[in-house]
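Report on the following structure.
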Amino acid sequence: MNTRRHFLSVAAAGAAALAASPLMAQAAGPGSVLPTRGRAAATPLRGNPAQPGGRYRPLTRLGLGGVAIGNGFAASTDAQSEQTLAAAYAAGVRCFDTSPWYGLGLSERRYGHHLHAHPARDYTLSTKVGRLLTATRGELQDTMWQDPSPFHYRYDYSADGVRRSVEDSLNRLGVSQLDVVFIHDLSPDNEKDLGMPWEQRFAEAAKGAMPALTRMREEGLIKAWGFGVNRPEPALRAIAEADPDIFLLACQYSLLDHDEALHATFPKIAAHGASVVVGSPLLAGYLAGRDRYLYDGTVPSWAPEKRAKVQAVCDRHGVDLRTVALQFADAPEVVSAIIPGARTAEQVQANVASMAIAVPSGLWAELKQERLIAEDAPVPAG
């Protein structure tokens with residue numbers, strides 16, 4: 001029987017066997033996996049203890065992001081996506097994030113195909129609002145998605161738009177409820193696609209999306225809401241103007257780049273009592289051996305040298321880079337989940353295995369001594 005305990009025992013044994021092996025060369029393409037290295041124990045994935053009267057946090061701290069399952073970077077089949085989702089669930093992952101944007105509805109449909117067979121109380125499901133989809137037979141808009149669904153999209157952060165978006169998502173997913181809803185991509189880095197300064201769209205959301213989601217939370221239709229953005233400004237403004245519970249911050253907190261989030265963004269979110277879901281903790285593959293850094297197709301000039309130095313420290317301590325990156329992103333108290341993406345069952349199993357590795361305290365100390373991570377950056381204990 002493929003239980004979580006069985007999987008973690010197998011993963012731990014496999015990780016131990018690989019501990020003395022050399023690192024795999026640069027991962028060659030979609031679905032490739034960096035071998036897990038280090039001493040592991042068959043420990044379950046960490047969850048977030050329930051806090052009576054507190055804000056909602058996902059059931060598990062390791063989740064699954066939905067970009068790859070929405071055909072981000074490369075196309076996947078329905079069967080491959082089902083295998084990935086099944087592997088995640090079998091391994092104990094209970095936090096699943098998707099969006100209408102990912103593959104123009106494709107990611108939601110694939111997520112729902114698997115999750116509808118499980119009791120809704122047993123997992124956390126988040127999706128997003130801000131774009132509405134309309135079926136088309138014409139030419140598709142230019143997007144990052146490979147073989148997306150035949151839909152056009154338009155932005156709508158109004159109350160009516162949010163209600164329609166939530167209903168559309170439930171229909172695509174085929175599930176009975178959503179736990180968390182993120183206001184998506186209302187951010188300075190997305191102004192070109194928004195068609196106007198992001199502050200104008202934020203004003204629309206402040207009058208429409210934010211109070212609408214607050215009402216949904218009060219009515220018990222959702223458990224929490226927040227922003228899913230690549231820059232901190234919208235999240236911090238939302239704290240000042242509304243009562244969000246949780247933020248999906250992508251591209252902002254990683255092993256290689258974390259100073260602004262650690263010292264400016266996280267403290268303000270924590271003071272509000274909200275939490276952070278870390279998106280792209282592996283920098284869209286860069287910290288798992290790929291030569292792809294996030295989503296714009298360019299690797300920053302400083303990144304290769306810094307990654308090489310971090311890699312050398314990992315090698316000296318016998319731990320793989322992916323494991324160190326995931327555990328680093330999970331360490332801050334304000335973080336309630338990390339959601340690396342996965343295209344294949346093997347990738348999601350490797351992410352789960354990484355969370356069971358006992359990273360030596362000397363590795364973290366050396367990273368700080370070499371000024372490769374911030375001196376005050378939280379790291380796993382023991």
Legend entry - Note, R46 side chain near M355 side chain (heavy atom, < 4.5 Å): no

Legend entry - Nearest heavy atoms of P378 and L262, plus distance in Å: CD-CD1, 3.7 Å

Legend entry - Remaining members of hydrophobic cluster (4.5 Å side-chain criterion), L132: none

Inset, instruction - May I ask you to decide whether E167 forms a salt bridge with R163, counting only side-chain N to carboxylate O separations under 4.0 Å? - result: no

Legend entry - Main-chain N/O of A374 paired with H258 side-chain donor or acceptor, under 3.5 Å: yes

Legend entry - Basic-acidic side-chain contact under 4.0 Å: E366, R316: yes

Legend entry - Y253 and F328 aromatic ring geometry - parallel, tilted or perpendicular at 30°/60° bounds: parallel

Legend entry - Flag, side chain of T60 to backbone of R94, donor-acceptor distance under 3.5 Å: yes

Inset, instruction - Would you give the length of the straight line joining atom OH of Y102 to atom CZ of R131, rounded to the nearest 0.5 angstrom? - result: 9.0 Å

Inset, instruction - For residues Y157 and F202, establish whether the separation of their ring centroids is below 6.0 Å. - result: no

Legend entry - Sidechain N-carboxylate O distance under 4.0 Å for D243, R55: yes

Legend entry - Student check: side-chain heavy atoms of P234 and P188 closer than 4.5 Å: yes

Inset, instruction - Could you walk me through whether L248 and I339 pass side chain to side chain contact (heavy atoms under 4.5 Å, CB included), step by step? - result: CA-CA 9 Å; L248 198 175; I339 51 168; 3.8 Å; yes

Legend entry - Student check: side-chain heavy atoms of Y295 and D189 closer than 4.5 Å: no

Legend entry - Test salt bridge (Lys or Arg N to Asp or Glu O under 4.0 Å) applied to E260 and R231, step by step: CA-CA 10 Å; E260 181 179 10; R231 292 292 306 151; 3.6 Å; yes

Inset, instruction - Go through the side-chain N and O atoms of Q347 and N351 and say whether any donor and acceptor fall under 3.5 Å apart. - result: no

Inset, instruction - Mind listing the closest non-hydrogen atom pair of R322 and A350 along with its distance? - result: NH2-O, 3.3 Å

Inset, instruction - Could you tell me which non-hydrogen atom of R37 sits nearest to which non-hydrogen atom of D320, and how far apart they are? - result: N-OD1, 2.9 Å

Legend entry - Residue among T98, N71, T77 satisfying side chain to side chain donor-acceptor pair (under 3.5 Å) with R110: N71

Legend entry - Any L194 side-chain heavy atom under 4.5 Å of Q200 side chain: no

Legend entry - For R343 against S76, the heavy-atom pair lying closest together: NH1-OG, 2.9 Å

Inset, instruction - Flag the pair W364 / V324 as yes when at least one side-chain heavy-atom distance between them is below 4.5 Å, and no otherwise. - result: yes

Inset, instruction - Answer whether the closest heavy-atom distance between the side chains of F247 and V229 falls below 4.5 Å. - result: no

Legend entry - Under the side chain to side chain contact (heavy atoms under 4.5 Å, CB included) test, residues paired with H118 that sit two or more places apart: Y89, H114, Y123

Inset, instruction - Measure the shortest side-chain to side-chain distance between P58 and I246 over non-hydrogen atoms and say whether it is less than 4.5 angstrom. - result: yes

Legend entry - Backbone N/O of W225 and side chain of D245: donor-acceptor pair under 3.5 Å: yes

Inset, instruction - Answer yes or no: is there an ion pair linking E204 with R201, defined by an N-O contact shorter than 4.0 Å? - result: yes

Legend entry - Backbone N/O of S275 and side chain of S336: donor-acceptor pair under 3.5 Å: no

Inset, instruction - Hey, could you give me the CD1/CD distance between I69 and E108, rounded to the nearest 0.5 Å? - result: 12.5 Å

Legend entry - Under the side chain to side chain donor-acceptor pair (under 3.5 Å) test, residues paired with E333 that sit two or more places apart: none

Legend entry - N/O donor-acceptor pair under 3.5 Å between R39 side chain and P360 backbone: no

